[in-house]
Amino acid sequence: MKICVVGAGYVGLVSAAILADWQHDVVCVDHNEQKIEDLLAGKLPIFEPGLQELVELNRRRQYLRFTAEMAEALRGCEMIIVAVGTPPAENGHPNLEDFWAVVKSFRENVGNNVIVMIKSTVPVGTSEAVSLYLNEKVSYKFSVVSAPEFLRQGTAVHDFLHPDRLVVGCMSPEIREQMKELFQPLDCPKVFTDWHSAEMIKYASNSFLALKISYINTIANLCEALGGNIQDVAAAVGLDHRIGQAYLKPGVGFGGSCLAKDTQGLIAQGEVHGVNVWMFKDVLEVNYEQRVHIVQRLTEVLGNLKGRKIAILGLAFKANTDDLRDAPSVTIIAQIIKLGGLVKVYDPVVDSSSLPNIISVSTADNPYAACQGADAVVVLTEWEEFLDLDLKRLQKSMNAPVFIDGRYLFERKRLLEAGFFLPERPSFNEWPVVQSMISAR
């Protein structure tokens with residue numbers, strides 16, 4: 001099948017590379033000419049394990065090519081996959097400006113029957129609106145399909161090839177059969193439904209995951225206040241088969257381009273239609289407060305942060321990606337700097353130059369250099385390499401052995417044995433404890 005993928009971001013590029021690997025004739029188009037130039041030169045705009053190899057292989061096999069010219073990309077294609085970004089507007093609704101600009105270009109550049117598959121996250125009812133628009137006053141047929149993606153950054157290639165389920169919303173039995181054939185390589189439950197249900201499944205799934213994360217973080221905060229080991233609590237709760245272990249990892253909260261955006265989108269749609277969605281508003285509030293909580297813990301144990309050296313391990317919003325969109329690290333670092341703290345960062349993939357210009361930090365080449373002379377270290381990304389750290393070496397290099405594990409990456413016992421002080425809702429009078437630990441060296 002000749003396929004045009006519109007958008008060379010996480011969803012579009014991964015989809016294009018894998019469909020090309022399935023030996024479809026795929027062209028990926030993006031209006032960002034620099035991004036296309038980089039792709040043609042073999043440089044990917046994103047870090048995603050396994051993606052570079054897939055792109056290079058299928059370019060050599062001539063199943064995959066890139067262009068910035070929409071008319072060229074659409075010429076003679078049998079299917080168009082829409083994978084452009086729909087970031088949240090100020091009111092929480094998805095910004096569909098780029099999405100509709102792309103859709104409008106189809107009527108201008110397509111002159112044959114074609115399937116339009118929407119992978120962008122769009123409000124419920126969008127597929128129907130797209131179908132009505134594209135099929136108005138044309139002699140050929142635009143068959144619209146809603147196929148929401150459920151790719152996680154850092155595991156996107158694996159998630160595409162081994163999904164928990166495939167969701168396809170379409171209104172034609174003939175198109176349904178074509179979609180079954182297209183996705184035949186995937187061994188997973190395949191849910192075929194209508195447009196509206198497919199669109200809602202994406203919002204419902206991501207909002208539930210956001211709810212689950214904010215739930216376990218609320219429990220973690222209660223454990224700090226009342227007593228209890230949140231790692232033991234989360235593990236035991238997750239053993240209930242009705243609940244499960246996934247997304248019951250306490251920490252600094254979720255970030256990235258999906259969970260917050262889609263929860264905001266669900267809230268916005270609920271408000272438009274008069275549906276009470278207060279619980280999802282609380283989810284976002286709890287998630288933001290987790291970031292504030294990290295800074296509060298620092299100020300409670302260190303007192304005034306002015307002049308204090310804070311080491312940050314991890315910038316990306318999660319491991320195995322270089323994405324800083326809505327990353328907790330950005331909010332936390334900005335707050336530390338605002339309070340006069342000095343920040344030194346280390347991330348194995350993310351360059352600190354990717355941080356907003358208003359955030360000034362120094363960069364280290366490794367975790368030990370980041371922590372040298374620091375008054376506290378804060379782990380904000382669950383990079384696997386951090387698990388291999390020599391914690392005693394790390395502790396001895398610091399000015400004060402304060403350790404805040406924002407991802408609950410380490411066992412508490414291991415940190416305590418290394419000589420770290422773990423602030424959990426401490427008060428000012430606990431700072432002398434840390435001072436005595438330093439003087440005892």
Side-chain angles (χ1 to χ4, degrees), residues 1-7 9-26 28 48 50-51 54 58 63-64 77-84 86 113-128 130-131 141-209 212 241-242 244 246-247 258-259 262 265-266:
M1 181 180 283
K2 188 172 183 181
I3 301 173
C4 171
V5 178
V6 185
Y10 282 93
V11 177
L13 198 53
V14 171
S15 300
I18 293 176
L19 289 169
D21 203 53
W22 291 351
Q23 300 186 14
H24 294 285
D25 179 10
V26 181
C28 185
E48 190 64 40
L51 184 57
L54 268 178
N58 289 290
Y63 285 120
L64 177 62
C77 64
E78 300 168 83
M79 184 168 73
I80 307 167
I81 296 178
V82 184
V84 299
T86 54
N113 292 342
V114 67
I115 297 169
V116 176
M117 178 183 289
I118 300 175
K119 280 201 164 289
S120 300
T121 302
V122 292
V124 177
T126 302
S127 295
E128 181 180 14
V130 169
S131 181
K141 178 69 173 176
F142 286 94
S143 298
V144 176
V145 172
S146 174
E149 54 81 22
F150 300 95
L151 308 182
R152 297 167 298 168
Q153 287 163 249
T155 57
V157 172
H158 178 273
D159 290 348
F160 191 108
L161 294 170
H162 306 281
D164 292 328
R165 78 294 203 196
L166 174 73
V167 176
V168 176
C170 60
M171 311 304 286
S172 161
E174 179 185 349
I175 299 301
R176 176 182 295 192
E177 292 305 312
Q178 290 186 48
M179 293 299 98
K180 286 181 180 178
E181 182 178 351
L182 175 68
F183 291 113
Q184 189 274 331
L186 300 181
D187 181 19
C188 68
K190 297 179 174 69
V191 179
F192 289 92
T193 184
D194 58 89
W195 290 326
H196 290 63
S197 297
E199 291 162 339
M200 181 56 81
I201 287 168
K202 175 60 184 286
Y203 281 106
S205 297
N206 277 356
S207 295
F208 180 73
L209 295 177
K212 203 170 180 184
H241 71 276
R242 299 166 301 173
Y247 287 80
C258 293
L259 297 191
D262 292 349
L266 196 64

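- In this structure, CG on N206 lies 5.5 Å from SG on C258, to the nearest 0.5 angstrom.
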Kindly indicate, with the supporting measurements, whether the criterion side chain to side chain contact (heavy atoms under 4.5 Å, CB included) is fulfilled by L266 and M200.
CA-CA 9 Å; L266 196 64; M200 181 56 81; 3.9 Å; yes
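- Side chain of K202 to backbone of F150: no donor-acceptor contact under 3.5 angstrom is found.
- Applying the ring-ring contact (aromatic ring centres under 6.0 Å, His included) rule to pairs touching residues 162-196 yields H158-H162, sequence neighbours excluded.
- Using modelled atom types, one finds no donor on one side chain facing an acceptor on the other under 3.5 Å when comparing E199 with T126.
- Residues S172 and K141 fail the side-chain proximity criterion, which asks for heavy atoms closer than 4.5 Å.
- No donor-acceptor pair closer than 3.5 Å links the side chain of E48 to the backbone N or O of V14.
- The line from OG of S15 to CD1 of I81 is 5.5 Å long, rounded to the nearest 0.5 Å.
- M179 pairs in a side chain to side chain contact (heavy atoms under 4.5 Å, CB included) with only one of the listed residues (Q184, M79, K190), which is M79.
- In this structure, P148 and Y203 have side chains that are not in contact, with every pair of non-hydrogen atoms separated by 4.5 Å or more.
- Of the residues listed (I80, V144, V145, L182), the one engaging I115 in a side chain to side chain contact (heavy atoms under 4.5 Å, CB included) is V145, and it is the only one.
- Looking only at distances, a side-chain donor or acceptor of S205 sits under 3.5 Å from a matching main-chain atom of I201.
- Here the side chains of Y63 and L19 are not in contact, with every heavy-atom distance at 4.5 Å or above.
- One finds the CE atom of M171 at 11.0 Å from the OG atom of S146 (value rounded to the nearest 0.5 Å).
- Note that CG of L209 is 9.5 Å distant from CZ of R152, once rounded to the nearest 0.5 Å.
- C188 and P163 get closest at one heavy-atom pair: CB-O, 3.3 Å.
- Rounded to the nearest 0.5 angstrom, S143 OG and M117 CE are separated by 11.5 Å.
- Side chain of T193 to main chain of A198: no donor-acceptor pair is present (N/O by atom type, distance under 3.5 Å, no hydrogens or angles).
- How far CG of L54 is from CG of L161: 7.5 Å, rounded to the nearest 0.5 Å.
- The closest donor-acceptor contact from the side chain of K119 to the backbone of A147 lies under 3.5 Å.
- Scanning all heavy atoms of the two residues, the minimum distance from N58 to A20 falls at OD1-O, 3.4 Å.
- The minimum heavy-atom distance between P189 and D164, with the atom names listed, is CD-O, 3.2 Å.
- The shortest distance between side-chain heavy atoms of L186 and W22 falls below 4.5 Å.
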